[in-house]
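Just so we're on the same page: letters track the sequence lines, and every chain starts at 1.
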There are 2 protein chains.
Amino acid sequence: MTTKTVNTREEIIRKGSELIHAKGYNATGIQQILQAAGVPKGSFYFYFKSKEDFGLAVIDYFTSTMGGVFVKYLADTTMAPLQRLDGIFAYCETFYEQMGSARGCPFGNLSLEMAGTSERLRLHLNSVIGKLVSGIEACLKEARDNGVLPADIDAADAAQAVFHGLEGAILHMKVAKSMEPFRAFRRYIFAYLLTDKCGKGGVSDYA
Amino acid sequence: MTTKTVNTREEIIRKGSELIHAKGYNATGIQQILQAAGVPKGSFYFYFKSKEDFGLAVIDYFTSTMGGVFVKYLADTTMAPLQRLDGIFAYCETFYEQMGSARGCPFGNLSLEMAGTSERLRLHLNSVIGKLVSGIEACLKEARDNGVLPADIDAADAAQAVFHGLEGAILHMKVAKSMEPFRAFRRYIFAYLLTDKCGKGGVSDYA
């Protein structure tokens with residue numbers, strides 16, 4: 001593959017990912033993606049075997065962009081564990097607000113739209129989501145071991161609950177076209193779920 | 001309208017709702033809906049002005065069926081407030097398990113798929129979701145006033161967090177094709193979020 005074909009493929013993925021994020025997978029046509037990427041009609045199958053293969057590449061794109069930001073926060077040991085989690089919430093709040101509260105989480109959108117009809121997309125999404133939840137779990141375990149969360153907390157269940165709340169908050173934000181549902185969840189999780197109401201100290205202790 | 005046309009319209013909505021729940025809105029074609037309902041090709045526009053009008057009727061269908069169960073639980077004052085909420089979780093767990101953990105929440109699915117492309121569907125979904133969240137809020141206020149939840153809890157934020165967690169748990173269940181993410185959330189919410197870890201008593205006190 002020459003540099004040009006690599007760049008063309010990446011440009012199709014980048015523009016296609018934006019369109020799928022805005023409109024959904026089924027509502028985004030192949031010709032529309034090629035047009036947005038400035039690539040001649042009919043050349044899609046030179047780069048991808050099928051729309052499903054393209055969908056897998058779109059998941060990888062969001063894993064390295066948005067997922068990459070999550071991993072960066074979760075790995076930043078200069079911050080206390082719950083501060084890292086709040087960093088993710090702060091990042092999401094800015095990111096979604098810039099998009100007019102009008103786009104959901106790419107992983108959540110694709111999960112609900114495609115898990116029932118494409119087993120390959122479902123398995124890939126499930127694997128990516130599993131890694132994000134594991135990262136949150138490691139963070140909560142560290143907070144528990146530091147005595148910030150109760151010693152008997154089930155970090156695996158708690159990590160899933162944090163992820164579920166985040167996905168649900170983004171879903172509600174998208175349908176309300178307002179940041180308020182997201183902010184309500186962020187306030188609540190750090191006021192009651194992950195704080196001294198349930199443990200020994202909250203995010204505020206580490207600010 | 002004769003009884004027959006009313007029944008035919010209802011049958012189209014019922015079968016169409018099932019298909020949309022299983023495959024999504026965009027992936028479900030009008031002909032496929034008519035075929036499932038046993039209605040002649042081309043008669044869709046006798047009953048509905050557009051697919052979007054049909055989508056509004058699908059939301060109403062799920063509001064009266066699944067939403068009706070939620071309202072029934074939330075209004076059942078023979079149970080303590082947190083028991084009513086757990087009743088909703090128990091109902092959802094049975095409902096989704098019977099569907100092989102393969103279908104999301106109809107309101108959540110449609111929100112993420114359609115909020116960005118149909119303003120009418122978005123507004124209708126947002127109104128239905130707002131009512132569900134208000135019902136949860138009333139329940140949590142009652143628990144707070146009974147001294148079961150902390151006196152300073154923000155019932156509006158907490159109700160949104162419960163709804164968000166529920167939607168996120170169902171999303172994760174669908175992509176994992178397993179009930180475990182849903183069960184993890186149910187365990188966590190009643191062990192830490194709405195219980196004596198944060199207040200004076202949990203669901204177990206009322207069993």
Side-chain angles (χ1 to χ4, degrees), chain A residues 21-27 102-105 107-117 119 122-123 125-126 129-130 133 150 153-154 156-172 174-178 180-185 187-189 191-193 197-199, chain B residues 21-27 102-105 107-117 119 122-123 125-126 129-130 133 150 153-154 156-172 174-178 180-185 187-189 191-193 197-199:
Chain A
H21 194 195
K23 297 165 32 119
Y25 182 90
N26 285 306
R103 295 193 189 180
C105 163
F107 305 119
N109 292 353
L110 284 167
S111 291
L112 286 191
E113 187 181 0
M114 299 309 299
T117 47
E119 190 64 3
R122 182 186 77 74
L123 288 169
L125 286 162
N126 191 41
I129 287 171
V133 173
I153 206 167
D154 186 315
D157 282 3
Q160 291 194 68
V162 169
F163 177 76
H164 298 163
L166 180 60
E167 285 298 325
I170 296 167
L171 181 155
H172 194 188
K174 184 177 176 183
V175 75
K177 220 174 179 177
S178 155
E180 183 46 29
F182 185 90
R183 292 194 183 112
F185 180 72
R187 281 194 300 267
Y188 187 74
I189 195 173
Y192 285 94
L193 192 60
K197 299 286 164 104
C198 286
Chain B
H21 194 195
K23 298 166 28 122
Y25 181 90
N26 285 306
R103 295 193 189 179
C105 162
F107 305 118
N109 292 353
L110 284 166
S111 291
L112 285 191
E113 188 182 0
M114 298 310 298
T117 46
E119 190 63 3
R122 182 186 77 74
L123 288 169
L125 285 163
N126 191 41
I129 286 171
V133 173
I153 205 167
D154 186 315
D157 282 4
Q160 291 194 66
V162 169
F163 177 76
H164 298 163
L166 180 61
E167 284 298 325
I170 295 167
L171 182 155
H172 194 189
K174 184 177 177 183
V175 75
K177 220 175 177 176
S178 155
E180 183 45 29
F182 185 90
R183 291 194 183 112
F185 180 72
R187 282 193 299 268
Y188 188 75
I189 196 173
Y192 285 94
L193 192 60
K197 298 286 164 103
C198 286

Problem set entry | Interface residue of largest heavy-atom contact number with chain A, from B/Gly24, B/Ala159, B/Gly108, B/Gly130, under 4.5 Å | B/Gly108

Problem set entry | Selection from B/Ala102, B/Ala27, B/Ser111 maximising heavy-atom pairs under 4.5 Å formed with chain A | B/Ser111

Problem set entry | Among the listed options A/Asn26, A/Asn109, A/Leu110, A/Val133, the residue most often paired with chain B at heavy-atom distances under 4.5 Å | A/Asn109

Seminar exercise, completed: Closest non-hydrogen atoms of A/Lys174 and A/Arg103, given as atom of the first, atom of the second and distance, are CD-C, 3.9 Å

Problem set entry | Worked check of side chain to side chain contact (heavy atoms under 4.5 Å, CB included) between B/Tyr188 and A/Ile153 | CA-CA 9 Å; B/Tyr188 188 75; A/Ile153 206 167; 3.7 Å; yes

Problem set entry | Pairs of heavy atoms under 4.5 Å with chain A: top-ranked of B/Arg122, B/Glu113, B/Lys177 | B/Arg122

Per-pair distances, 0.1 Å, donor-acceptor, side chain in residues 160-168 of chain B, under 3.5 Å, sequence neighbours excluded:
from	atom 1	to	atom 2	distance (Å)
B/His164	ND1	B/Gln160	O	3.2
B/His164	NE2	A/His172	ND1	2.9

Exercise. Who wins among A/Leu123, A/Ile170, A/Leu112 for the most heavy-atom pairs under 4.5 Å with chain B?
Worked result: A/Leu112

Problem set entry | Top of B/Ala169, B/Ala22, B/Ala115 for chain A proximity - count of heavy-atom pairs under 4.5 angstrom | B/Ala169

Exercise. What distance do A/Phe107 atom CZ and A/His21 atom NE2 have between them, rounded to the nearest 0.5 Å?
Worked result: 9.5 Å

Exercise. For the residue pair B/Ile129 and A/Val175, what are the closest heavy atoms and their distance?
Worked result: CD1-CG1, 3.9 Å

Exercise. Checking A/Leu125 against chain B: side chain, backbone, both or neither under 4.5 Å from a heavy atom?
Worked result: both

